[in-house]
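First the structure, in the form of structure tokens, and then the observations on it.
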2 protein chains.
Amino acid sequence: MIKSAFDPTGFTRYQQLLDLFTVSASSWTVDELAHALGKPKSSVYRSVRELVAAGYLESAASAKYRLGPAFIVANRVIEKTDPLVVSGAAVIHSLAAAVAVPCVVVLARLYGSQVVCVADERTAGSHAPAFERGRLMPIDRGATSLAILAQARGKALANLLSATGVTDSERSAVLTDKLKEIRKAGIAVTTDEVDPGLTGWAVPVTHKGFGITASLSIVCSTDDVTDLNINELTAGLLSSGALIEKHMQLVFDEVVQVQMNTNRASNQ
Amino acid sequence: MIKSAFDPTGFTRYQQLLDLFTVSASSWTVDELAHALGKPKSSVYRSVRELVAAGYLESAASAKYRLGPAFIVANRVIEKTDPLVVSGAAVIHSLAAAVAVPCVVVLARLYGSQVVCVADERTAGSHAPAFERGRLMPIDRGATSLAILAQARGKALANLLSATGVTDSERSAVLTDKLKEIRKAGIAVTTDEVDPGLTGWAVPVTHKGFGITASLSIVCSTDDVTDLNINELTAGLLSSGALIEKHMQLVFDEVVQVQMNTNRASNQ
DNA sequence: TAATAATTTATCGTATATTGATATTTTTTA
DNA sequence: TAAAAAATATCAATATACGATAAATTATTA
């Protein structure tokens, strides 16, 4: 019985349950859940029943449970309405089409002290499994993440670094220098940091109003990189990033506009 | 203040909150949420804070909140592990490529008393917005849904019908006849039932072990339908449906195998 | 920059929902 | 059909959620 440090209250108890359902452990019996959570079966049965009723879990074969369709429905809402995802969708599609070498175009954002990919577009012949929508990535490795990390300053940066467990002062100094370089250059480049044999370029994508801290990146095989296509590639990345930011601003202006109308109406 | 019938307990109170976030109302202030739920602001603030901490909500511009990235992460788990989605992905892709006319290939399943699309693949030039991943559809209209409804019998069927509010005995009789026809033919065909100008064909897709009740369907413009391509289309649909079921059975056998090994190991 | 408004968090006593041990029912398996 | 496993129901103790209010923080405006 693996007892967790604290008895969860509120939403936490449901979160702990749901968090157990991962790609590598996608279905659980109540027994297994109870054991993993260090809780009695009767309590877990109750929580599971509630989550099943809500569509967040569903019963699968042989007394197992898996994530339910409620997530698919909510995912669509995000896909159709999230400013970053909406603004990025069209842009990453045409960027991928424009890049000459086989690659993955990735739109990623900050999620707690990690980075999560929120959109990916891959050209034929590209295999970079680490960069797919919904996948979490460490914040201190890879161009995609570093372009995001470089946007944090001062206390916020310190929090992110401490959360990832970068206590080694030497590594911390190296990282700080690297972030400084990235800020100066306006683009992050790394090779072999996430997957060996892959090189990534990333530019920051931000919207202060929406509170969005993200990055747009291209990942391709290091072998395919030549002096010739690097310029093309980085130019495309920079202009695409700017395009996404511009589009988000348009969405933002719309939202504000609607809001003002609503306020005016409700004051009458 | 729109008071709901019962004070929600357990997961329901979070579900009610999250359910308010839809495509047409994707961001809410706490004030708006409190009003919609008929709850005091202080309580809603607490729930919202918990959901934000869990990544199920996040704060957006001007005191608004929107759905958070936790749904994107969970969505990936489903995308990579759900038996129906995994088994259907490759099949619907090649089916769409094989169909001569512009169309949407849809994989849908039962979700409570509704139908939800879990995968869609569209050929160039096809526009059928009602059929996209994550979208909910009424269970008593359209080939996609009827092919699913036709799988229910007796009490289960009655429950589904009553949930959709089909109290009209005449309509109920018509529907019952239609379902009988569908069962006999092994395929459902409807025209103009969901979107005017569109025709849909759907075949049942089931796996008893996994507890999956679904359908595979093709939707295209009624104008594009000719006697020539109908045969081709239905044949492709039937064989693709069978292929998905066969693939699910392979996955099922694997799971059972792994399970048996695990049990054997834990008995030693 | 100061003043004002809006948003968010903190506090706290009380009512109530949650909890987990146990018994019972239902479903699955042999 | 019998036995085992899974799932639900029961219930008393108690921890937790609740909501009114106050305080603090953040955003907006003058």
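A, B, ... follow the sequence lines: proteins, then strands. Residue 1 opens every chain.
Taking atom CZ of B:R46 as the reference point, atom C1' of C:dA17 lies 13 Å away to the nearest angstrom. To the nearest angstrom, C1' of D:dT26 lies 11 Å from OH of B:Y45. Protein atom CZ of A:F11 is 18 Å distant from nucleotide atom P of D:dT16, rounded to whole Å. We find that OH of B:Y14 is positioned 12 Å from P of D:dT16, with the value rounded to whole Å. Per the geometry, CD belonging to B:E50 stands 7 Å off P belonging to D:dA17, to the nearest Å. As rounded to whole Å, 17 Å separates atom P of D:dA9 from atom NZ of A:K41. In this structure, B:R49 places its CZ atom 12 Å from C1' of C:dT7, rounding to the nearest Å. One can place NZ of A:K39 at 10 Å from C1' of C:dG20, the figure rounded to the nearest angstrom.
Judged by distance alone, the side chain of A:S87 and the main-chain N or O of A:L84 form no donor-acceptor pair under 3.5 Å. Remark: the backbone N or O of B:R13 is not paired with any side-chain donor or acceptor of B:Q16 at under 3.5 angstrom.
Contacts of A:Y65 with the nucleic acid, taken as non-hydrogen atoms under 4.0 Å apart, involve only primed sugar atoms and P, OP1 or OP2. Note on A:R13: only backbone sugar-phosphate atoms sit closer than 4.0 angstrom, heavy atoms only; bases stay farther off.
Comparing A:D31 and A:G10, the nucleotide of DNA chain D nearest to each residue sits closer to the 5' end for A:D31.
Distances shorter than 4.0 Å separate some side-chain N or O of B:T9 from OP1 or OP2 on C:dT18.
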Given protein heavy atoms under 4.0 Å, the one-letter contact record of nucleotides 22-30 of chain C, with B base, S sugar-phosphate only and - none, is simply B--------
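Ion pair A:R109/B:E58 flagged as a salt bridge, since at least one NZ, NE, NH1 or NH2 atom sits closer than 4.0 Å to an Asp/Glu carboxylate oxygen.
Closest to the side chain of A:A63, out of D:dA20, D:dA7, C:dT19, is D:dA7.
In the model, A:Q249 has a side-chain atom that pairs as donor or acceptor with a side-chain atom of A:H207 under 3.5 Å. With hydrogens and angles left out, the side-chain atoms of B:R133 and B:N75 include a donor and acceptor closer than 3.5 Å. Judged purely by distance below 3.5 Å, without hydrogens or angles, the side chains of A:T12 and B:E50 never pair a donor atom with an acceptor atom.
For an aromatic pair to be called close, the ring centres must be under 6.0 Å apart, and B:F11 with A:Y56 satisfies this.
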